[in-house]
Amino acid sequence: MGHGGDVIAELTTDHKEVHDLFVQFESTPPGSAHRKRLVDEITIELVRHSVAEEQHLYPAVREHLEGGDALADREIADHSRIEQLLKDLEGREPDDLDFDRLMVKLRTEVTAHVDDEERNLFIQLRNGVHPFVLESLGNKVREAKKTAPTRPHPSAPSAPPANKLLAPGLGLVDRARDYLTGRGR
């Protein structure tokens, strides 16, 4: 959940972990229960990551980068599409007819979002934001992931201050549900 380093290193490591989970998913037999567990793991990681970015990274993008509002809005729109796909997958079983189709759509959306962040946004951050700020953002993102929700909540606010106020409570409820159901173990 937390890796260390500045915000770019932290989020890039998250991207790699999610990529590796997608690779595991694709190498698992269709319809298997293990596929559902992998989708749960992917969901947990993506939701925590997205919430942390929306709480800390995108406000910094708005503040520090020229054209930051448009950049942040585009990234948040990506998150909305991804979160809706996660919500659509949440109630599906691995043998449902559209389970694999939704996973292909999810991987396509996540891959495009990650490529855009790593090839565009992160380069702009590295060139335009003081290393101290990037380090501080890395710490804030790591802390946010600890209390972030683990399930998709597409109707939850994605901008401060509302997201910073609601996310820990949603996260607590999600983690309690996860504990009771054994999800994510």
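For the single chain, residues carry numbers from 1 onward in sequence order. Because the structure is predicted, anything quoted here is derived from the model rather than measured.
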Q) Should Asp78 and Arg81 count as an ion pair when the cut-off is N to O under 4.0 Å? A) yes
Would you say [X]'s side chain and [Y]'s backbone share a donor-acceptor pair under 3.5 angstrom?
{"X": "Asn127", "Y": "Gln124", "answer": "no"}
{"X": "Lys36", "Y": "Arg92", "answer": "yes"}
{"X": "Ser50", "Y": "Val47", "answer": "no"}

Q) Relative to Phe25, does Arg35 satisfy both conditions: NZ or CZ under 6.0 angstrom from the six-membered ring centre, and within 45 degrees of the ring's axis? A) yes
Q: Have a look at Arg183 and tell me which of Arg37, Glu41, Arg151 forms a side-chain contact (heavy atoms from CB on, under 4.5 Å) with it.
A: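 Checked Arg37, Glu41, Arg151 against Arg183; only one passes side-chain contact (heavy atoms from CB on, under 4.5 Å): Arg151.
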Please check if any side-chain donor atom of [X] sits under 3.5 Å from a side-chain acceptor atom of [Y], or the reverse.
{"X": "Gln24", "Y": "Asp20", "result": "no"}
{"X": "His49", "Y": "Glu53", "result": "yes"}
{"X": "Asn139", "Y": "Glu143", "result": "no"}
{"X": "Glu83", "Y": "His153", "result": "no"}
{"X": "Glu117", "Y": "His113", "result": "yes"}

Would you compute the distance between atom [atom1] of [X] and atom [atom2] of [Y] and round it to the nearest 0.5 angstrom?
{"X": "Thr43", "Y": "Ile82", "atom1": "OG1", "atom2": "CD1", "result": "11.5 Å"}
{"X": "Leu65", "Y": "Leu125", "atom1": "CG", "atom2": "CG", "result": "5.0 Å"}
{"X": "Asp88", "Y": "Met103", "atom1": "CG", "atom2": "CE", "result": "12.5 Å"}
{"X": "Lys105", "Y": "Asp98", "atom1": "NZ", "atom2": "CG", "result": "9.5 Å"}
{"X": "Leu121", "Y": "Leu57", "atom1": "CG", "atom2": "CG", "result": "5.5 Å"}
{"X": "Phe99", "Y": "Leu89", "atom1": "CZ", "atom2": "CG", "result": "6.0 Å"}

Q.
Aromatic contact between His130 and His64, with the criterion being ring centroids under 6.0 Å apart: yes or no?
A. no
Q) Do you know the tightest heavy-atom contact between Asp100 and Pro30? A) OD2-CB, 4.1 Å
Q) If every non-hydrogen atom of Val23 is compared with every non-hydrogen atom of Arg107, which pair is closest and at what distance? A)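 Nearest pair, atom of Val23 first, then Arg107: CG2-NH2, 4.2 Å.
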**Q.** Test item: Leu137 and Glu10 side chains (from C-beta on) under 4.5 Å apart, heavy atoms
**A.**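 No - every pair of side-chain heavy atoms lies 4.5 Å or more apart.
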Q) Counting heavy atoms not belonging to Leu180, are there more than 12 under 6.0 Å from its CG? A) yes
